[in-house]
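Working notes, beginning with the structure itself.
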Amino acid sequence: MRLLVRERREHHLYVSSLLTSPLVDLDTGAVIAHPATVDPTGSLRAAPLPMIIELPVRTVLPGAGTLAPLHEALRRAGRHPREAILLLTGTCQEQDRPLLKVGLDGLRTIGYLLGFAGVGSAGPALDLVAGAAPYVLALDPDVVARVPADHRATSVVRAVASLAHDVGAHVLAPDVRREAQVAVLRGLGVRLAHGPLLAPGPDGKVRVPLPVADESPATVMLGPRVQELLLPAVTLPAEAKAEEAVAAFGHEPTITSVILVDEFQRPKGSLDRSRFLLSFAARYGHALHGSKPAQRLADPPRTVPRTTPAIAAMQAAGRDAARVYDDLVVTDELNRCLGIVRVSDLIRQVSAIRA
């Protein structure tokens, strides 16, 4: 997602989206983010999905006050910084690196996820990227445009993907236009992309060329992988108060769990709706728990890798009889939370196979 942020002297924030399509997971075809705008009144307009906001590096160097309009726009919209990925553009001079580190640490403490744009070409130096613990690395659009015809561009993507794996970041490919690009990018480890090829069709749906599935009888009997049954997870920082979790459950009655995650989106605790709210239904429940960390009432997260077949996920769910119907947390290769899968969905899938 490419968003342009302009700051004027009166400190109003103006954001105009340059995104040409939703942000898509190339492995599953799932849409994980949509364009967001901040209008001239400073009001944030966005779908209830994570946002990626593109910021020049120079706006971070002066300190937190420069980005106050962004914080205020999120607050007024009832959104939390953890729902936004700040994608930094441009380069940073050697003498400004200490200031950038302080700025990034402050933004990360607030809850923002951080990333860099233009990686592999005119963007930041790779040693700066490696030391900043980013959440996402966006490739330079010119590099993506030359894949797969130019083997040198393909080599750049491979190098960035290797760096991202080592530092625990996702790779984002902007402005994807051809199916051949998708096949090569996915093979090199690129997970996220947007561009004309991924624009919604007349029916509003996004169609992503997916890898050819293994249709052998043995594989079919194991059921679909859990990433195909993925639902968005409601997450809170691991240090969140219990009353924040109560508010999250109260916001939407269909939420069955809240996952507590660290600054790298790794699951650290799981709050089951029934058991957690029962703790507050008891006499003096809110007084006892409200201002205390939600982690005190959390269970260890039951995680399954995203490639786990449905039957194997059901077996994992059944290992603890007391929590057999708790949501499973689906994780990627770096143990980051991708979403949840409900045991009831697993049961339906396996039943359909055996019917």
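Hydrogens, waters and symmetry mates play no part in the numbers below; they use all other heavy atoms, side chains included. One is the number of the first residue; the rest follow in order along the sequence.
- In this structure, L197 and R178 have side chains that are not in contact, with every pair of non-hydrogen atoms separated by 4.5 Å or more.
- Here T307 contributes atom OG1 and Q227 contributes atom CD; the two are 7.0 Å apart, rounded to the nearest 0.5 Å.
- Two residues are said to be in side-chain contact when any heavy atoms from C-beta on lie closer than 4.5 Å; V160 and L139 meet this criterion.
- A heavy-atom distance below 4.5 Å is found between the side chains of V157 and V143.
- Residues S257 and D272 bring no donor and acceptor atom of their side chains to less than 3.5 Å of each other.
- Put simply, V167 and L104 are part of the same group of oily side chains (I, L, V, M, F, W, Y) that touch within less than 4.5 Å, one to the next.
- Between P22 and P200, the closest side-chain pair of non-hydrogen atoms falls below 4.5 Å.
- The shortest side-chain heavy-atom distance between S279 and L297 falls under the 4.5 Å cut-off.
- Looking at E244, its side chain does come within 3.5 Å of a backbone N or O of K241 through a donor-acceptor pair.
- In this structure, the side chains of L346 and L328 come closer than 4.5 Å at one or more pairs of heavy atoms.
- Distance check: L100 CG to Q93 CD gives 11.5 Å after rounding to the nearest 0.5 Å.
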Run the numbers on V341 and L230 for side chain to side chain contact (heavy atoms under 4.5 Å, CB included), then give the verdict. CA-CA 5 Å; V341 63; L230 197 65; 5.7 Å; no
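- By the criterion of side-chain heavy atoms lying less than 4.5 angstrom apart, applied directly or through intervening Ile, Leu, Val, Met, Phe, Trp or Tyr residues, Y325 is grouped together with I311 in one hydrophobic cluster.
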Would you please test V171 and L192 for side chain to side chain contact (heavy atoms under 4.5 Å, CB included) and show each step? CA-CA 6 Å; V171 182; L192 308 177; over 6 Å; no
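- Applying the side-chain hydrogen bond (donor to acceptor under 3.5 Å, both in side chains) test between D25 and each of H170, R191, R306 identifies R191 as the sole match.
- Atom CD of E72 and atom CG of L67 lie 13.5 Å apart (nearest 0.5 Å).
- In summary, K101 and D105 engage in a salt bridge, as defined by a charged side-chain N under 4.0 Å from a carboxylate O.
- To the nearest 0.5 angstrom, R58 atom CZ is 12.0 Å from L88 atom CG.
- The shortest side-chain heavy-atom distance between L107 and V60 falls under the 4.5 Å cut-off.
- A salt bridge does not link R336 to D262: none of the charged side-chain nitrogens sits closer than 4.0 Å to a carboxylate oxygen.
- Residue T303 holds its OG1 atom at 10.5 Å from CD1 of I259, rounded to the nearest 0.5 Å.
- S155 places a side-chain N or O within 3.5 Å of a backbone atom of H151 that can act as its donor or acceptor partner.
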In sequence, state the C-alpha distance, the side-chain angles, and the governing distance for H194 and L172, and then conclude on side chain to side chain contact (heavy atoms under 4.5 Å, CB included). CA-CA 8 Å; H194 71 74; L172 165 63; 4.3 Å; yes
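- Remark: of the listed residues R342, R319, R302, R275, R275 is the sole one forming a salt bridge (charged side-chain N to carboxylate O under 4.0 Å, His left out) with D326.
- A single hydrophobic cluster is not seen to contain both L74 and L236; linkage of ILVMFWY side chains at heavy-atom distances under 4.5 Å, directly or through other members, places them apart.
- Residues T235 and R82 share a closest heavy-atom pair of O-NE, 3.1 Å.
- Under the 4.5 Å side-chain heavy-atom criterion for ILVMFWY residues, no single connected hydrophobic cluster contains both L229 and I255.
- Taking the six-membered ring for Trp, Y112 and H80 have ring centres at least 6.0 Å apart.
- The backbone N or O of P56 sits less than 3.5 Å from a side-chain atom of T59, completing a donor-acceptor pair.
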Output, in order, the C-alpha distance, side-chain angles, deciding distance and verdict of salt bridge (charged side-chain N to carboxylate O under 4.0 Å, His left out) for D127 and R97. CA-CA 11 Å; D127 63 325; R97 288 193 178 192; 3.0 Å; yes
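- Aromatic ring centres of F249 and F276: separated by under 6.0 Å.
- Of all heavy-atom pairs spanning L87 and A138, the tightest one is CD2-CB, 3.9 Å.
- For the pair R225 and E228, the salt-bridge criterion is not met [side-chain N within less than 4.0 Å of a carboxylate O].
- In plain terms, the two heavy atoms of I85 and G115 that are nearest each other are CG2-N, 4.4 Å.
- Two different hydrophobic clusters hold L113 and L260 under the rule that ILVMFWY side chains link at heavy-atom gaps under 4.5 Å.
- For the pair A248 and V234, the tightest heavy-atom approach, listed with the atom from each and the gap, is CB-CG1, 4.3 Å.
- Nearest heavy-atom pair across L271 and A294 is CD2-O, 3.7 Å.
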From CA spacing to verdict: side chain to side chain donor-acceptor pair (under 3.5 Å), D299, S270: CA-CA 5 Å; D299 297 299; S270 176; 6.0 Å; no
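- No donor-acceptor pair closer than 3.5 Å links the side chain of Q265 to the backbone N or O of V261.
- Between the side chain of Q181 and the backbone N or O of V144, at least one donor-acceptor pair lies under 3.5 Å.
- Looking only at side-chain heavy atoms (C-beta outward), P300 and R323 come within less than 4.5 Å of each other.
- The minimum heavy-atom distance linking A130 with L163 is given by the pair CB-CD1, 4.0 Å.
- Atom-to-atom distance recorded for L231:CG and D327:CG is 8.0 Å, nearest 0.5 angstrom.
- In this structure a side-chain-to-backbone donor-acceptor pair under 3.5 Å is missing from R296 to A242.
- Here the side chain of T308 pairs no donor or acceptor atom with the backbone of V304 at under 3.5 angstrom.
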Would T256 and I340 satisfy side chain to side chain contact (heavy atoms under 4.5 Å, CB included), going step by step from the backbone distance to the final call? CA-CA 10 Å; T256 51; I340 62 167; 4.3 Å; yes
